[in-house]
Amino acid sequence: MRITNKMMTNKYIRNVNTLATDLDKLNHQVTTGRKFSKASEDTAAAVKAYRLREDLSKTEGYQSNIMHAKSYLANAESTLMNVQSITIEAKGKIVQALNAPNSHDERSIIATEIRNIRDQLLQALNSSESGEQIFGGSNRQNKPFTLDASGKLVYNGTTLATATPDELAKFNSDTQYVDIGLNPEFDGTSKIISSTVFNYSVPGTQIMKGGTSTVTLKDGSTIPVSNNLYDVLTDLVAELDKPDSAVNPDDAYNHDKADAIYGKFNEVSGAIVSNLTNLGSQSSYLDFSSQRLETLTFTMQEKQVNTEGIDPKKAIIDFKSQKLAYETALQMGTHILKQSIFDYMS
Amino acid sequence: MAIPTFSSFQTAYRALQASQTNIDTAGHNIANIDTEGYTRQRVDLNSISNSGFVQKYSLGLKQAGSGVDVGGINQIRDPFLDARYRNENTETQKYDTMLKGLSDLENIMDEIETSSGLQNELTNFLNQLQNLSKTPTNADITLVVRTAAQQISQMINSESNLLSQAKEQQVFDLKKVVVETDFNSIVKGIADLNSQIRREQLYGNTPNELYDKRNMMLDELSGIANIKVSTSPEFIPSDSEVEGSGIVIENLTVSLYDANTSTYIGLVRNDSFNTLKVNYDGDKASISMNKGFTLDGTDTSLEKTPDNVDYSDITKYITGGKIKGHLDLINGNGTYADITNNENSFKGVPYYINALDTFAREFAGTFNELNKGGGATEKPLFAPSDGSSEITASNLAVSDEWMNDPTYITTTDGTSGQTGGADNILRMISAMNSKNNIFESKSGTSMFKGSFNEYLTGMVGELALDVELMTNYSKTSDTVLNNLFNARESVSGVLLNEEGVNLMAFQKSYNAASRYFTTLDEALDKLINGTGLVGR
């Protein structure tokens with residue numbers, strides 16, 4: 001096979017060009033730190049890379065949501081602890097009123113003090129964090145706890161003492177929630193599946209229970225008492241304020257009645273403690289989730305570097321050896337292309 | 001019979017002439033070593049005999065031959081290699097054109113290095129929704145969500161417009177550059193050369209340079225469309241009355257050859273030629289032929305074009321070369337193509353525009369539906385910006401209602417009875433993550449099922465794979481083409497060393513011929529001036 005001059009130059013140029021192309025690619029790799037700059041250079045890795053970017057960004061969002069939920073829970077916790085100390089103070093006053101033989105005036109003074117404590121309780125229940133109500137469920141703007149015409153506690157527009165079980169159920173399930181990476185899903189009726197989100201608010205009805213129950217007195221008679229602490233205190237105060245004797249026996253102070261109401265008071269104030277425990281465990285769940293997401297983020301970032309990034313040491317070594325090959329090829333060319341028989345013809 | 005005295009001088013003269021021609025040819029080759037498309041030439045030498053002299057009585061002549069005759073100066077070329085080279089060139093140029101076009105598309109849609117593309121905007125939108133879910137009653141954050149939505153729609157608009165521009169560029173390239181400038185002028189050039197060559201051949205010349213020029217044009221033409229070159233001999237009888245005397249000349253025909261249907265469509269025959277025209281209606285491009293002549297079968301040595309060929313649309317007969325590459329990019333509708341109507345199913349620009357349209361429709365549709373908040377009244381977040389009834393990638397925009405009131409986004413469906421719930425936002429977040437979105441084409445065919453990000457990644461992935469594929473095809477094709485080029489070069493190229501050796505050899509023969517001439521001269525001189533002087 002004849003090897004003509006044109007063939008040799010052509011082949012030489014092609015080879016040098018191939019070397020130069022590879023050299024350029026390696027140079028680009030070293031300067032950008034990336035394995036590939038277009039998806040077509042490594043499609044499988046590019047698809048993986050897109051996925052990783054998406055997941056990393058989502059995880060950031062989840063972490064932010066967890067922070068938000070944690071601060072909310074912390075606020076709720078401190079508010080509830082405040083409520084707890086209020087109830088302890090109230091308890092002291094009630095015991096004082098019930099145990100020692102007190103005159104009507106003495107009782108009235110204690111009743112006023114308890115009334116004040118009760119109002120503090122109402123204020124605490126209407127606490128807000130940066131303008132958003134803590135205990136209102138999905139009612140964030142307006143105070144959830146108000147009073148109706150007869151002074152009974154109202155939660156989000158419904159008088160608690162007379163609320164129906166359906167209404168109470170609705171309030172109990174009405175919380176605020178965020179997506180912390182559990183894939184929020186909706187059931188057939190387009191209602192959120194609560195196991196796929198994180199509920200971070202305490203509905204007011206968990207603290208102030210609705211409905212009314214009956215309490216039995218020593219003599220066997222029963223009186224209706226609301227299940228929420230505010231109404232209980234109202235009833236107690238009303239009872240303490242009654243004079244020692246009156247025309248209608250119901251209008252006179254009945255120590256047994258007061259005692260029975262005090263029993264209810266102990267019952268409902270104990271419920272607050274269980275909320276605190278709940279909040280504690282929710283908070284630690286969030287900590288656990290946050291840690292898990294952090295570990296996940298590290299893993300994904302590592303994967304991202306493996307998928308998209310280059311090992312700088314290897315890249316530089318490749319670049320140098322390619323550069324050497326390129327320079328060698330250039331030098332060789334001058335030797336091959338120069339000579340012909342005409343150099344030797346005399 | 002006696003040998004004429006001076007006939008030997010003719011032999012010597014012919015020898016000198018032949019050597020001179022050889023040296024000149026070698027010089028011509030050396031001068032043209034760098035000429036593009038040059039084929040090396042060799043002198044055709046024939047020995048002259050003195051046979052064929054017939055008389056009534058055989059005399060048993062013992063006579064030497066009469067020297068050398070320069071038969072002609074011919075090119076050394078292998079037409080089979082030419083045919084193979086042209087076939088491969090058609091493929092290579094097609095892949096090259098497709099690769100360039102697809103790479104342009106990749107630059108528009110790929111965001112792997114910039115990380116500021118459509119997928120990035122989607123994740124940003126999702127993060128803003130997460131923010132809104134934390135404080136749904138905060139009007140400032142609804143503003144941020146709306147801005148993120150605007151960025152998505154603007155990014156899609158921009159991509160769609162860039163894709164349309166890329167298509168326009170392809171049409172321009174096809175029309176102005178490939179067909180009007182290159183193809184049509186080459187076809188005319190070949191026809192002109194054909195008539196020039198024919199004239200030369202009639203005079204008995206061998207127009208090697210014209211052959212070279214024509215071959216170069218044929219090579220170039222093969223890169224533009226799938227052509228086939230055929231030559232047919234034509235016998236031209238001479239004017240003399242000797243029967244059967246005349247010369248045979250070669251007629252060159254170039255046709256468009258579609259291997260799938262075995263159809264030949266004439267492009268050039270001798271000095272007739274047909275030009276092509278690109279017709280573009282804003283949607284599809286097609287090729288029509290200005291019929292100057294047809295292969296109607298009158299010349300039985302050539303193929304005949306079937307009668308059912310529609311010259312106003314010969315697009316389907318073009319299967320290779322730059323024209324095919326451009327046509328596929330302009331018309332290719334990928335999986336949206338209507339196969340029953342023979343729509344082009346290559347994944348060209350229309351396919352990707354359609355894919356973006358499908359995405360825009362599904363995205364806007366999903367969020368518009370969710371914004372109803374479980375109710376029946378339409379509360380669209382996205383609407384077409386140009387007043388048309390359908391959402392496409394180029395007209396997707398945030399609705400006027402949302403622009404006027406950022407809190408138009410429905411945060412809760414109100415079943416809790418309160419205004420501060422974030423349930424509808426979480427529905428939207430769930431939709432962004434959901435792998436159950438069904439992306440449908442305009443006609444309702446399900447094209448893809450998955451999440452929004454998966455759809456986009458899939459689209460870019462398809463394009464990347466096509467580019468990778470085309471790159472490999474192009475590389476392979478190019479290597480084969482180069483090998484054929486080398487093979488051709490090996491046969492037809494000038495080798496400097498060879499010409500140098502030839503020069504030395506021809507110089508030697510020239511010297512020898514001169515010496516022969518001198519010898520004859522001296523012999524004659526002896527005869528004339530030195531013979532018969534005895535006794536003088």
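Keep in mind that this is a model prediction, so the values were computed, not measured. In what follows, chains carry the letters A, B, and so on, assigned in the order in which the sequence lines appear, proteins first and then strands, with residues in each chain numbered from 1. Scope of the values below: all heavy atoms of this structure, side chains included, with no hydrogens, waters or symmetry mates.
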Which atoms of [X] approach chain B - backbone, side chain, both or neither, heavy atom under 4.5 Å:
X: A/Y177; value: both
X: A/K170; value: side chain
X: A/Q141; value: side chain
X: A/E308; value: side chain
X: A/I3; value: backbone
X: A/N10; value: side chain
X: A/M345; value: side chain
X: A/T32; value: side chain

Under a plain distance cut-off of 3.5 Å, with no hydrogens placed, do [Y] and [X] share a side-chain donor-acceptor pair?
X: B/K372; Y: B/T410; value: no
X: B/Q41; Y: B/N29; value: no
X: B/K134; Y: A/S64; value: yes
X: A/N126; Y: A/Q133; value: no
X: A/N183; Y: A/T196; value: no
X: A/Q63; Y: A/S290; value: yes
X: B/S477; Y: B/E88; value: yes
X: B/T39; Y: B/R77; value: yes
X: B/S451; Y: B/N433; value: no

Please identify, among [options], the residue contributing the most non-hydrogen atom pairs under 4.5 Å to chain A.
options: B/M504, B/E468, B/E489, B/E454; value: B/E489
options: B/E499, B/R427, B/Q119, B/M432; value: B/R427
options: B/N107, B/L463, B/T137, B/V467; value: B/T137
options: B/N131, B/L496, B/T135, B/N120; value: B/L496
options: B/T123, B/N453, B/L122, B/D413; value: B/N453
options: B/E113, B/E111, B/E498; value: B/E113

Best-contacting candidate, A/V178, A/T9, A/N65, against chain B by heavy atom pairs under 4.5 angstrom:
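Going by pairs under 4.5 Å, I would pick A/N65.
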Please identify, among A/V47, A/V197, A/N156, A/N142, the residue contributing the most non-hydrogen atom pairs under 4.5 Å to chain B.
A/N156
Taking only heavy atoms into account, what residues of residues 198-206 of chain A are found under 4.5 Å from chain B?
A/Y200
Is any NZ, NE, NH1 or NH2 atom of the basic residue among [X] and [Y] found under 4.0 Å from an Asp or Glu carboxylate oxygen of the other?
X: A/D42; Y: A/K48; value: no
X: B/D96; Y: B/K475; value: no
X: A/E129; Y: A/K70; value: no

Given the side-chain rings of B/F367 and B/F363, with only the six-membered ring counted for Trp, is the space between their centroids under 6.0 Å?
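Yes: the rings meet the under 6.0 Å criterion.
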Could you tell me which residues satisfy salt bridge (Lys or Arg N to Asp or Glu O under 4.0 Å) with A/D174, sequence neighbours excluded, listed by chain and number?
none
